[in-house]
Amino acid sequence: MDRHDDFFVMVYEVVRLVPRGRVTTYGAIAKYLGASRSSRMVGWAMNGAHFQDNPVPAHRVVNRLGYLSGKHHFRDEMMMQNLLEVEGIMVENDQIIDFKNYFWDPTIELAF
DNA sequence: CGATTGACGTACG
DNA sequence: TCGTACGCCAATC
């Protein structure tokens with residue numbers, strides 16, 4: 001995606017800022033970008049994340065309940081869960097254990 | 001070109 | 001507390 005879709009690019013930028021071992025949500029990103037009601041677009045933006053030359057840790061983005069709703073979009077369905085577990089995040093039944101504990105909210109962490 | 005569909009989330013009864 | 005509606009908007013049918 002050469003064309004600069006500001007929104008999409010900004011989504012990727014925020015996702016790249018998510019620290020190892022932490023996760024964030026589509027809604028949180030949307031809110032941070034001032035489009036709190038367009039959380040769907042964040043999810044849609046992630047569709048193009050795989051085509052970015054700069055790596056985007058898409059596995060650190062889950063829905064607000066801590067479910068791995070996007071795992072089907074990885075080459076291997078187990079990839080998302082594996083990547084998270086490698087970072088110390090336990091996943092059971094496609095849901096993150098103690099999700100609140102790992103939640104990284106850009107509107108708070110990047111507050112300025 | 002209208003209808004449907006989402007890696008979502010909130011509002012409302 | 002729980003199910004349904006709906007906003008959002010690009011992509012696809």
Side-chain angles (χ1 to χ4, degrees):
Chain A
M1 207 197 290
D2 306 299
R3 47 180 206 156
H4 47 294
D5 294 22
D6 293 344
F7 186 76
F8 282 43
V9 172
M10 287 167 75
V11 170
Y12 302 143
E13 288 297 319
V14 175
V15 175
R16 290 192 189 102
L17 295 177
V18 180
R20 264 179 62 91
R22 304 293 297 281
V23 292
T24 190
T25 71
Y26 304 97
I29 295 172
K31 185 179 179 184
Y32 177 71
L33 295 181
S36 56
R37 293 166 201 164
S38 301
S39 46
R40 276 183 130 151
M41 289 301 96
V42 176
W44 187 252
M46 298 310 294
N47 246 319
H50 295 291
F51 303 103
Q52 296 299 308
D53 292 327
N54 246 0
V56 178
H59 61 283
R60 299 190 189 135
V61 186
V62 298
N63 71 6
R64 78 178 183 96
L65 298 177
Y67 281 98
L68 312 190
S69 48
K71 74 170 198 168
H72 295 293
H73 296 266
F74 288 77
R75 291 206 298 95
D76 182 348
E77 293 217 353
M78 290 283 85
M79 179 85 81
M80 188 171 186
Q81 177 171 338
N82 288 339
L83 290 172
L84 288 173
E85 289 179 339
V86 164
E87 299 185 358
I89 298 177
M90 294 166 291
V91 177
E92 185 177 300
N93 233 350
D94 294 340
Q95 187 177 28
I96 295 178
I97 308 297
D98 290 329
F99 170 61
K100 274 183 68 176
N101 214 15
Y102 301 104
F103 182 43
W104 183 87
D105 189 346
T107 64
I108 296 176
E109 309 289 346
L110 301 180
F112 67 94

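In the text below, chain A, chain B and the rest are named by the order of the sequence lines, each starting its count at 1.
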A.B. asks: Which residues pass the side-chain hydrogen bond (donor to acceptor under 3.5 Å, both in side chains) test with Arg16(A), sequence neighbours left out?
C.D. replies: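 Counting only residues at least two positions away or on another chain, Arg16(A) forms a side-chain hydrogen bond (donor to acceptor under 3.5 Å, both in side chains) with Glu13(A).
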A.B. asks: List the atom of Ile89(A), the atom of Ile96(A), and the distance in Å for their closest heavy-atom pair.
C.D. replies: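 What the structure gives for the nearest pair is CG2-CG2, 3.5 Å.
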A.B. asks: Could you state whether Leu68(A) and Val15(A) fall into the same hydrophobic cluster, counting links through intermediate Ile, Leu, Val, Met, Phe, Trp or Tyr residues with side-chain heavy atoms under 4.5 angstrom apart?
C.D. replies: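 Hydrophobic grouping puts Leu68(A) apart from Val15(A).
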A.B. asks: Assign His59(A) to base, sugar-phosphate, or nothing according to its heavy-atom contacts below 4.0 angstrom with the strands shown.
C.D. replies: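 Counting heavy atoms under 4.0 Å across all strands, no contact is made by His59(A).
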A.B. asks: Treating primed atoms plus P, OP1 and OP2 as sugar-phosphate and everything else as base, which nucleotides of nucleotides 1-7 of chain C get B, S or - for protein heavy atoms under 4.0 Å?
C.D. replies: ------B
A.B. asks: Once you apply a heavy-atom cut-off of 4.0 Å, does Asn47(A) come out as touching a base, just sugar-phosphate, or nothing?
C.D. replies: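 Base contact.
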A.B. asks: Looking at CG of Asn82(A) and NE2 of His59(A), how far apart are the two atoms once the value is rounded to the nearest 0.5 Å?
C.D. replies: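 Taking CG in Asn82(A) and NE2 in His59(A), the distance rounds to 10.5 Å.
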A.B. asks: Using a heavy-atom cut-off of 4.0 Å across all strands, would you classify Ser36(A) as base, sugar-phosphate, or nothing?
C.D. replies: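 Nothing, no nucleic acid heavy atom in range.
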A.B. asks: Are Val86(A) and Ile97(A) co-members of a hydrophobic cluster defined by side-chain heavy atoms under 4.5 Å apart?
C.D. replies: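 As far as the 4.5 Å side-chain criterion goes, Val86(A) and Ile97(A) are not connected within one cluster.
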A.B. asks: Which value, rounded to the nearest 0.5 Å, describes the distance between Leu33(A) atom CG and Thr107(A) atom OG1?
C.D. replies: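 These two atoms lie 11.0 Å from each other.
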A.B. asks: Taking atom P in both dC6(C) and dT5(B), compute the distance separating them and give it to the nearest angstrom.
C.D. replies: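 Comparing P positions in dC6(C) and dT5(B) gives a spacing of 16 Å.
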A.B. asks: Taking the same atom, C1', in dT4(B) and in dG7(C), what whole-Å distance lies between them?
C.D. replies: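 So the two C1' atoms sit 16 Å from each other.
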A.B. asks: Taking any atom under 4.0 angstrom from a heavy atom of chain A, which nucleotides of DNA chain B are the first and last to qualify, 5' to 3'?
C.D. replies: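 So the contact region on DNA chain B extends dG6(B) to dT10(B).
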A.B. asks: If you measure from OH on Tyr32(A) to CG on Leu110(A), what distance do you get to the nearest 0.5 Å?
C.D. replies: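 It is 4.5 Å, given to the nearest 0.5 Å.
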A.B. asks: Are there more than 12 heavy atoms of other residues, nucleotides or ligands under 6.0 Å from atom CG of Asn93(A)?
C.D. replies: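 12 or below, so no.
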A.B. asks: Check every strand shown and say whether Tyr67(A) touches a base, only sugar-phosphate, or nothing at a heavy-atom separation below 4.0 Å.
C.D. replies: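 The residue Tyr67(A) makes no contact with any strand.
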